[in-house]
Student: 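Dropping the structure in here first, questions after.
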Amino acid sequence: MILHGYWRSGAAYRTRIALNLKGLAYHQQGVDLRTGAQKSDAFLALNPQGLVPALEVDGAVLTQSPAILEWLEEAHPVPPLLPAGPVDRAHVRAMAALIGCDIHPLNNLRVGKALREAFGADQAIVDAWAARWILPGFTALERLVAVHGDGWCFGAAPTLADCYLIPQIYSARRFNVPLEAFPRLLAIDLAARTHPAFVAAHPDRQPDAD
């Protein structure tokens with residue numbers, strides 16, 4: 001497997017976590033979003049949308065991290081990243097979507113670039129923009145974890161929801177978003193700091209990291 005990604009991309013980060021939790025070996029190919037490498041002819045031939053990650057596997061190219069993570073769960077079901085029951089699985093998917101649909105797309109690199117270039121935003125404004133979406137999302141997630149969590153977002157083992165949460169906490173810190181109001185989320189982040197799959201996926205440990 002070849003994972004095309006960028007070390008600080010939240011979507012690539014969550015994909016690395018899932019691959020690591022599944023115990024799968026993969027080679028990483030860096031795509032520097034800052035220089036526009038995602039718009040090169042070579043990368044667009046892999047992913048016409050020009051976004052990371054893209055996963056080459058068995059002669060196919062998989063794109064969009066939610067689809068990749070669902071494929072991982074189907075193709076490599078052990079260890080599971082979704083609970084057994086259909087209602088519980090829906091809860092985990094909802095937690096993941098809370099981040100993947102309602103927070104992350106609004107504070108990724110291309111949105112920040114648009115804020116700066118099209119609207120003249122400085123870093124303080126970009127940080128405030130990120131906080132505007134992260135804080136209410138984390139407020140809701142904190143309440144969901146209070147109901148469903150037992151050391152992780154749902155239950156006592158990592159799930160897809162944790163694959164999404166840890167990169168978003170990393171991003172929140174980059175944007176100077178205060179996180180003291182979310183003790184349950186911070187406890188999960190603390191657990192992830194000693195979990196090998198999460199440690200190995202951290203942006204600073206990637207081969208293309210600055």
Student: Please confirm whether the backbone N or O of A200 pairs with a side-chain atom of R205, one donor and one acceptor, at under 3.5 Å?
Tutor: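 It does not hold such a pair.
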Student: Do L72 and L19 come close enough that some side-chain heavy atom pair is under 4.5 Å?
Tutor: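 Result yes, sub-4.5 Å side-chain heavy-atom pair found.
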Student: Between Y164 and H104 (judged by ring centroids, cut-off 6.0 Å), do the two rings come close enough to count as a pair?
Tutor: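 Ring centres of H104 and Y164 not closer than 6.0 Å.
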Student: Should W71 and L55 be marked as a side-chain contact (heavy atoms from CB on, under 4.5 Å) after you check the CA-CA gap, both sets of side-chain angles, and the distance that decides it?
Tutor: CA-CA 11 Å; W71 171 83; L55 183 69; 4.0 Å; yes
Student: Side-chain contact, heavy-atom cut-off 4.5 Å: V177 with L179?
Tutor: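 They are in contact (side-chain heavy atoms under 4.5 Å apart), so the answer is yes.
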Student: From N107 CG over to R174 CZ, what is the distance, rounded to the nearest 0.5 angstrom?
Tutor: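 Separation between the atoms: 9.5 Å.
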Student: Between atom CH2 of W152 and atom CE of M95, what is the distance when rounded to the nearest 0.5 Å?
Tutor: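 With rounding to 0.5 Å, CH2 (W152) is 14.0 Å from CE (M95).
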Student: Are L186 and F154 connected in the hydrophobic side-chain network, where two residues link if heavy atoms are under 4.5 Å apart?
Tutor: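 Yes.
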Student: Using the rule that two of Ile, Leu, Val, Met, Phe, Trp, Tyr join whenever any of their side-chain heavy atoms come within less than 4.5 Å, decide whether L24 and L3 are in one cluster.
Tutor: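 Yes; L3 is reachable from L24 via cluster members.
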Student: Do I17 and V199 sit in the same hydrophobic cluster, where Ile, Leu, Val, Met, Phe, Trp and Tyr count as joined when their side-chain heavy atoms come under 4.5 Å apart?
Tutor: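 Different clusters: I17 never reaches V199 through Ile, Leu, Val, Met, Phe, Trp or Tyr contacts under 4.5 Å.
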Student: Under 3.5 Å, is there a donor-acceptor pair linking the side chains of Q49 and Q38?
Tutor: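 Looking only at side-chain atoms, Q38 and Q49 do not form any donor-acceptor pair under 3.5 Å.
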Student: How far apart are the closest heavy atoms of A37 and S40, and which atoms are they?
Tutor: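 Looks like O-OG, 2.9 Å.
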Student: Verify whether one side chain among R8 and Y13 offers a donor that lies under 3.5 Å from an acceptor in the other.
Tutor: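 There is no such pair (donor and acceptor under 3.5 Å, judged by atom type) between the side chains of R8 and Y13.
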Student: Given the rule that I, L, V, M, F, W and Y join up when any side-chain heavy atoms are under 4.5 Å apart, are V61 and V52 in one cluster?
Tutor: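 Both belong to a single hydrophobic cluster.
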Student: So with a 6.0 Å cut-off around CZ of R34, is the heavy-atom count from everything else above 12?
Tutor: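 Check passes, neighbour count above 12.
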Student: Does atom NZ of K113 have more than 12 heavy-atom neighbours, drawn from other residues, nucleotides or ligands, at distances under 6.0 Å?
Tutor: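 Atom NZ in K113 is not crowded, with 12 or fewer foreign heavy atoms closer than 6.0 Å.
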Student: Can you measure from CG (D189) to CD1 (I169) and round to the nearest 0.5 angstrom?
Tutor: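 If I round to the nearest 0.5 Å, the distance is 4.5 Å.
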Student: Applying the 4.5 Å side-chain criterion to the ILVMFWY set and letting contacts propagate, would V111 and L51 be lumped into a single cluster?
Tutor: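 No, it is not one cluster - the side chains of V111 and L51 are not joined through contacts under 4.5 Å.
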Student: Which value, rounded to the nearest 0.5 Å, describes the distance between L82 atom CG and L160 atom CG?
Tutor: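 With rounding to 0.5 Å, CG (L82) is 4.5 Å from CG (L160).
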Student: Working note: I188 + I166, criterion side-chain contact (heavy atoms from CB on, under 4.5 Å); need CA distance, chi angles, decisive distance, verdict.
Tutor: CA-CA 8 Å; I188 296 168; I166 298 306; 4.2 Å; yes
Student: Answer with yes or no whether the side chains of R116 and Q123 bring together a donor and an acceptor at under 3.5 Å.
Tutor: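 Result is yes, a qualifying pair exists.
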Student: Which heavy atom of A54 sits nearest a heavy atom of T63, and at what distance?
Tutor: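 Of all heavy-atom pairs spanning A54 and T63, the closest is CB-CG2, 4.2 Å.
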Student: Taking all atoms of both residues into account, what is the closest heavy-atom pair of A18 and L81, and its distance?
Tutor: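 What the structure gives for the nearest pair is CB-CD1, 4.0 Å.
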Student: Would the distance check show the side chain of W129 and the main-chain N or O of L106 forming a donor-acceptor pair, the cut-off being under 3.5 Å?
Tutor: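 Yes: the side chain of W129 pairs with the backbone of L106.
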Student: Is there a side-chain contact between C153 and V92 in this structure, where contact means two heavy atoms from C-beta onward sitting under 4.5 Å apart?
Tutor: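 They are not in side-chain contact.
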Student: Would one find more than 12 heavy atoms of other residues, nucleotides or ligands at under 6.0 Å from atom CZ of R132?
Tutor: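 No - once you tally the heavy atoms of other residues, nucleotides and ligands closer than 6.0 Å, there are 12 at most.
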Student: Of all heavy-atom pairs between A121 and V126, which one has the smallest distance, and what is that distance?
Tutor: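 What the structure gives for the nearest pair is CB-CG2, 4.1 Å.
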Student: Main chain of L135, side chain of T139: is a donor-acceptor contact present, judged purely on distance under 3.5 Å?
Tutor: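 Checking the backbone N and O of L135 against the side chain of T139, a donor-acceptor pair under 3.5 Å is found.
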Student: side-chain contact (heavy atoms from CB on, under 4.5 Å) between I125 and L115: does it pass, once the steps are laid out?
Tutor: CA-CA 9 Å; I125 293 175; L115 289 171; 6.0 Å; no
Student: Would you find a donor on one side and an acceptor on the other, under 3.5 Å apart, between the side chain of Q28 and the backbone of I2?
Tutor: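 The answer is no, because no donor-acceptor pair under 3.5 Å joins these two groups.
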Student: Can any side-chain N or O of T15 pair as donor or acceptor with the backbone N or O of A11 at less than 3.5 Å?
Tutor: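 Judged by distance alone, yes, a pair lies under 3.5 Å.
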Student: May I ask you to decide if R184's main-chain N or O and E142's side chain share a donor-acceptor pair within less than 3.5 Å?
Tutor: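 Present.
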Student: Which distance, rounded to the nearest 0.5 Å, do you find between the CG of L165 and the CD1 of I103?
Tutor: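 Reported value, rounded in 0.5 Å steps: 9.0 Å.
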Student: May I ask you to decide if W7's main-chain N or O and R16's side chain share a donor-acceptor pair within less than 3.5 Å?
Tutor: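 Pair found, side chain donor or acceptor close to backbone of W7.
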Student: Would a distance-only check, ignoring hydrogens and angles, find a side-chain to backbone donor-acceptor pair under 3.5 Å from D150 to A156?
Tutor: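 Here the side-chain-to-backbone pair does not exist.
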Student: Drop me the distance from D88's CG to R93's CZ, to the nearest 0.5 angstrom.
Tutor: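 With rounding to 0.5 Å, CG (D88) is 11.5 Å from CZ (R93).
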Student: Is it the case that more than 12 heavy atoms not belonging to D58 sit under 6.0 Å from its CG atom?
Tutor: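 For D58, atom CG is not crowded (no more than 12 foreign heavy atoms under 6.0 Å).
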Student: Within a strict 4.5 Å, meaning less than it, do heavy atoms of the F198 and P158 side chains meet?
Tutor: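 The answer is yes; the side chains approach within 4.5 Å.
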Student: Can E56 and Q29 be said to form a side-chain hydrogen bond (donor to acceptor under 3.5 Å, both in side chains), step by step?
Tutor: CA-CA 10 Å; E56 290 189 74; Q29 182 65 49; over 6 Å; no
Student: Under 3.5 Å, is there a donor-acceptor pair between the side chain of D102 and the main chain of I99?
Tutor: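 No, D102 side chain to I99 backbone: no donor-acceptor pair under 3.5 Å.
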Student: Does any N or O in the side chain of N47 come within less than 3.5 Å of the main-chain N or O of F43, such that one atom is a donor and the other an acceptor?
Tutor: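 Not confirmed, N47 side chain does not pair with F43 backbone.
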Student: Are any of the side-chain heavy atoms of P196 and N20 separated by less than 4.5 Å?
Tutor: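 They are not in contact (no side-chain heavy atoms under 4.5 Å apart), so the answer is no.
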Student: Going through the checks in order, is the side-chain contact (heavy atoms from CB on, under 4.5 Å) test met by S9 and L109?
Tutor: CA-CA 8 Å; S9 160; L109 182 65; over 6 Å; no
